[in-house]
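Down below is the structure, laid out as structure tokens.
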Amino acid sequence: MTIHFYCDIIFFMNRKILIICGLLFVGCFCFGQSADFVSKMIESPCVTYEDAAYFCAINLGLIQETDSANEALVALDREKVFPMPENPTANITYDAFANMCLKTWKIKGGLLYTITKSNRYAFKEMQYLGFIPNSEDPKSEVSGIQMLNMFTRCIEMAEKGSTNEK
């Protein structure tokens, strides 16, 4: 009887371990897509509107990680966060990306940005905050690493709650 009892315990423990391993295995695949997407962005020399919109929409909770980048643009347009660009697969420029960041994280800009909500003044605000170097051209394209760095700083600023302090 004791041998049978120990066999039952071992079987029960093995079954528990198998279930836990199975759940971890499935979980890795669920989060694998976002990690792959981040890796792709790090290696990317330039970012498209769709790529930038994907991260913004994920952060706002408008889409799931399994949704496409184009669905992210549609969600941002639907929620009036960022309008649908003429060419979603075009590379995004600093001024458009700065505007997308300010609107996504609801960062208050200066007087002219508050009045116009234009890309130009969004770019100037991000330069003032130190997110974009002063030497950068507003119409130059954003690389993947630069995009992730700016997103990180925007998230940090939003978490602190200080929206207009350098």
**Asked** Within the distance-only criterion (no hydrogens, no angle test), does the side chain of D67 pair as donor or acceptor with the backbone N or O of Q64 below 3.5 angstrom?
**Response** yes
**Request:** Quick one: list whatever passes ring pair (Phe, Tyr, Trp, His ring centres under 6.0 Å) with F97, sequence neighbours left out.
**Result:** F151
**Item:** Pair D95 + R120: basic N to acidic O under 4.0 Å
**Value:** no
**Asked** Short question: side chain of D51, backbone of A69 - any donor-acceptor pair under 3.5 Å?
**Response** no
**Message:** When you measure from the side chain of Y113 to the backbone of F123, do you find a donor-acceptor pair of N or O atoms at a distance under 3.5 Å?
**Reply:** no
**Request:** May I ask you to test the I132-M150 pair for a side-chain heavy-atom distance under 4.5 Å?
**Result:** yes
**Request:** Please tell me if the side chains of Q146 and Y94 come closer than 4.5 Å, counting only heavy atoms from C-beta onward.
**Result:** yes
**Asked** In a check of side chain to side chain contact (heavy atoms under 4.5 Å, CB included) between Y54 and each of I63, T48, V47, which one passes?
**Response** I63
**Message:** Quick check against the 3.5 Å criterion: does T104 have a side-chain atom that pairs as donor or acceptor with the backbone of M100?
**Reply:** yes
**Item:** All pairs passing ring-ring contact (aromatic ring centres under 6.0 Å, His included) where residues 63-88 contributes a residue, at least two apart
**Value:** none
**Prompt:** Does the side chain of L129 reach to within under 4.5 Å of the side chain of I107, using non-hydrogen atoms?
**Reply:** yes
**Request:** Indicate yes or no for a side-chain donor-acceptor contact from E136 to the backbone of P133 under 3.5 Å, with no hydrogens or angles considered.
**Result:** no
**Asked** Do E125 side-chain atoms and G110 backbone N/O form a donor-acceptor pair below 3.5 Å?
**Response** yes
**Message:** I'd like to know whether NZ of K103 has more than 12 heavy-atom contacts from other residues, nucleotides or ligands below 6.0 angstrom.
**Reply:** yes
